[in-house]
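Quick note on labels: first sequence line is chain A, next is B, and so on, each numbered from 1.
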Amino acid sequence: MPEEKPTLLLIDGHSLAFRAFYALPVDSFVTRDGQHTNAIHGFISMLLNLLQQQKPTHLAVAFDISRYSFRTREYAEYKGTRGETPPEFVGQVPLLEEALHAMNIRTLSKEDFEADDILATLATRGAAEGYRVLVVSGDRDTIQLVDDDVTLLYPNVRGVSELKTYDTDAVIERYGIRPEQYPEIAALVGETSDNLPGVDKVGEKTAVKWIQQYGTVEELLAHADAITGVVGQNLRDQQDRVVRNRRLNRLVRDVELPYGPADLEREAIDPTAVRAVFDRLQFRTLLDRVFKIEGAAADAGLVDAEAGESTAISAPVVRTMIDEELAKWLQTQSKDGTLPLGLRIATVGGQVEGFGIASLTESAWVPWAPGRPDYTALEQWLASDAPKYLHDAKRQLKTLHSAGLELAGVAGDTALSAWLLRPGNKADSLGGLVYYYLGETLPEPDPSQLVPETEALNPATEAWYLVRLQAELDARLDPGSLSVQHDIEVPLVPVLARMELQGITVSADVLGELNSRLGTQAAEIAQRAYAEIGREVNLGSPKQLQEVLFDQLGMPKTRSNKTGYSTDAQALADLQEQHPHPFLELLLQHRDATKIRQIVETLQTAIGQDARIHTTYEQTGSATGRISSNDPNLQNIPVKTEVGREVRSAFLAGEGFETLLTADYSQIEMRIMAHLSEDEGLIEAFRSGEDLHRFVGARIFGVAPADVTPTMRTKVKAMSYGLAYGLSAFGLSKQLRIEVAEARELMADYFARFGAVREYLRGVVEQARVDGYTTTIFGRRRPFSDLGSTNRVLRENAERQALNSPIQGSAADIIKRAMLTIDAEIRAAGLASRMLLQVHDELVFEVAPGEREALTGIVTAGMAGAAELSVPLDVQLGTGPNWDAAAH
DNA sequence: ATACCTACGTA
DNA sequence: CGTACGTAGGTATA
């Protein structure tokens, strides 16, 4: 049996992407950031189909470099009729190329040539070298490439999901001429899309007839005199066109290229890179398809040996053990408590069922039944400082706590490491990380099935994966991130766990009273609002409000959003100015009342048996390094309004405690900016002890600090804060309701006095563009991929994020360091007082009787000393029976 | 039921 | 056309 020919697949990237662009609805393929992806999606989808159906052994995609080539030099009007490329298409091609590179697919382009010339060259060489060649292009000129070894796949009108196959026979059937004769026909007929006019009155029928008779254009023109009638005259008159067309539509088959067919062997994809790119493009189903096809390719032996080797390690056999055997095993495997072991806790219905423990070479399953006496070894090891690797350690710690078990020695948390590597991504499961970083698939039972088909992995084997995964993650982390991991994030795990377990006492009575009062109020306001418009509507429905405001009341249109026109507070306030109406005021009041009421209700249902609310902190919840709070969110409890503060007053010092203590950093982000920018003016402002905004205002407006008016101070304050967010003059003008020109002037004045700030902010973005990431004072990184984007919206969004990240992230580092110190000192001093909440720049404590002074000292020192900046860290303290009263 | 959008609370 | 979050209700899809 003859050996099968290798298959060389050659794709015209631009033409296929363009076809896909028009085949798929633009609006259905947009990322959350506004990047259009329909062309990329269509292209990759088509590509995956081809990989699956044709199983190419060799593969390349060719792109045009620009719309200019030797053809436009020869004939300037070539392709001149083509309109502007749609803006939604621009920018998709570089991303497509990136995706292809991640899939380890070669892309080719050549200055002065079109993609089709590259295809022609490779097809010719491929056929000569014994390949079965498949050419995919939407350009009819490529028909000339078809022969016994070369087949053309051409997208039909419906787009790129179905490709029509043209081999020699199919071409003859369709056009009545041999493939190599197609350009002769095209030269006569002309090609509108390339702006190549043909002979007037000559269509496909006539051209085919002539070529069937004469074979080539050259022959035909030699016998042009023999052609009668108007078309014959036209041919003679316009033979220049024909000659030119024929010259231009001949594809070049000997372009000099860096690769020959043999260099285009299909390679294994880079799973990490593919996931990164596809994540960014928000391609979920395509990602699955890529990995599925890739898996099949690996089975078929197409993937090179190197990629195969890394998956060759197999899990150790799980041994079940308890008590003395376990004690000995733990000691050996951990080298007397010095070597980290993976730890996985198995639970059923929240009850601990057992423990999987593993080193790199051995794994053990330890079944757990509470109350049995023979667990000393296990309990000792768990509670000891012997290092352990876990996934989502905080959750495990809390689970164990509820089972009455203590856990210490958390030395690594794969969820944290993964977040430090890619802080913008949402938390992944252990299985997800193993798949991503180790390229192996863990069986995960389908939670929707009562009797799962796939049996879950033994926790002991999961623990073994933890050890491998932690090593892989550590290897990928840079030194700065490693120190953040080691010095901040990992030690913070038990601290946050304790805060969550402690919770904070909340008065159900205060909330209940507030709820009913707001309820009555909201109902009254609603009635009055209905009276104003003569009917009842759902005031909480933006859609119904739009009807009332813009149709019924005929108000001027506000700024538009995806579902119509905005009815948010800002828009309503603007409306009230232009077109005052009592309904607007009532609506705003109703919003206020119901919003606070909704918060109150959420809190009420969150109060536990212990009269306390236990939030959950998400340590991997933000891209900058902040922690977030959920279920319920205690980081957005109202404070700005009077009723808002009533909510705060429901948060109390618990039974047996004297008072609440709040401690916050004042203007920490501005201080960090002063430190990072080394701006002398700003540094002096903080060292002077003068009110920051007053100081800055005095400099900007050229008056004495005492003469800074409240208006001036407000403007300065808005600008100072806005700077750290990448605020524009436009944005500042909107916020302060002043002219753009005035805002611009204000900013100019600011930078004239505090020039180093501007230089710093500019430098951050520039550096990030070079490095691909930003860094905080303590070494935390945040990667950015869109700083070089040609899409302005994407790029400028990324720039503002990059500008803000070192500032917000450093502030997060600092308060986390303070929390670690304070927690350690409270425990070292044996105080009963405890840290309860963190709200980004504020900490809330519960003070035990008689400990106020000691605690105050620890907190102040811990917070002020959390970083050595070129300006002091100012800490404000306050105490009181409730959170509102404890504010200062 | 689920996914998206708008709106809005905090730092 | 200002960063970072979480939650809830309405609405349109399945």
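Between the side chains of A:Arg648 and A:Asn882, no donor-acceptor pair is found at a separation under 3.5 Å. Side-chain contact of A:Asp631 with A:Thr616: a donor-acceptor pair under 3.5 Å is absent, judged by distance alone. No side-chain donor from either of A:Ser733 and A:Glu739 sits under 3.5 Å from a side-chain acceptor of the other. For the 3.5 Å distance criterion, the side chains of A:Gln35 and A:Arg280 fail to qualify, holding no donor opposite an acceptor. For the residue pair A:Gln808/A:Glu669, the side-chain donor-acceptor check at 3.5 Å is not satisfied.
Distance CG (A:Leu837) to P (C:dC5): 20 Å, rounded to an integer number of Å.
For the strand DNA chain C, secondary-structure stems (runs of at least three Watson-Crick or G-U pairs, all distances below 3.5 Å) span B:1-11 with C:3-13.
No contact: A:Ala724 has no heavy atom under 4.0 Å from any strand. Note on A:Arg626: a base of the nucleic acid sits closer than 4.0 angstrom, heavy atoms only. Counting any heavy atom pair closer than 4.0 Å across all strands shown, A:Leu803 reaches no nucleic acid atom. Residue A:Ser805 is out of contact with every strand shown, counting any heavy-atom pair closer than 4.0 Å.
Residue A:Ser728 has a polar side-chain atom (N or O) positioned under 4.0 Å from OP1 or OP2 of C:dG2. For A:Arg591, a side-chain nitrogen or oxygen approaches OP1 or OP2 of B:dC8 to under 4.0 Å. Remark: A:Arg782 is in phosphate contact with C:dA4, judged by side-chain N or O atoms under 4.0 Å from OP1 or OP2. When the side-chain nitrogen and oxygen atoms of A:Thr624 are compared with OP1 and OP2 of C:dC5, none of them lie within a distance under 4.0 Å. At C:dC1, none of the side-chain N or O atoms of A:Lys734 fall inside 4.0 Å of OP1 or OP2 (strictly under the cut-off).
When ring centroids are compared, A:His840 and A:Tyr665 stay outside the 6.0 Å threshold.
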**OP:** Check the pair A:Arg769 / A:Asp786 against salt bridge (Lys or Arg N to Asp or Glu O under 4.0 Å), numbers first and verdict last.
**Re:** CA-CA 9 Å; A:Arg769 211 189 309 281; A:Asp786 288 335; over 6 Å; no
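Listed nucleotides C:dT3, B:dC5, C:dG2 differ in distance to A:Gln808; the shortest reach to its side chain belongs to C:dT3. Set against B:dT10, B:dT6, C:dC1, the side chain of A:Asn561 has B:dT6 as its closest nucleotide. Listed candidates were C:dC5, B:dA7, C:dG2. Nearest to the side chain of A:Gln735 is C:dG2. Nearest to the side-chain atoms of A:Lys562 among the listed nucleotides C:dT3, B:dT10, B:dC5 stands B:dC5.
Taking the ring axis of A:Tyr773 as reference, the NZ or CZ atom of A:Arg782 does not stay both within 45° of it and closer than 6.0 Å to the ring centre.
By the 6.0 Å contact criterion, OH on A:Tyr530 is enclosed, its count of non-hydrogen atoms from other residues, nucleotides or ligands being greater than 12.
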Original post:
Could you write nucleotides 6-14 of chain C as a row of B, S and -, 5' to 3', where a protein heavy atom under 4.0 Å of any base atom gives B, of only sugar-phosphate atoms gives S, and otherwise -?
Top reply: SSS-SSS--
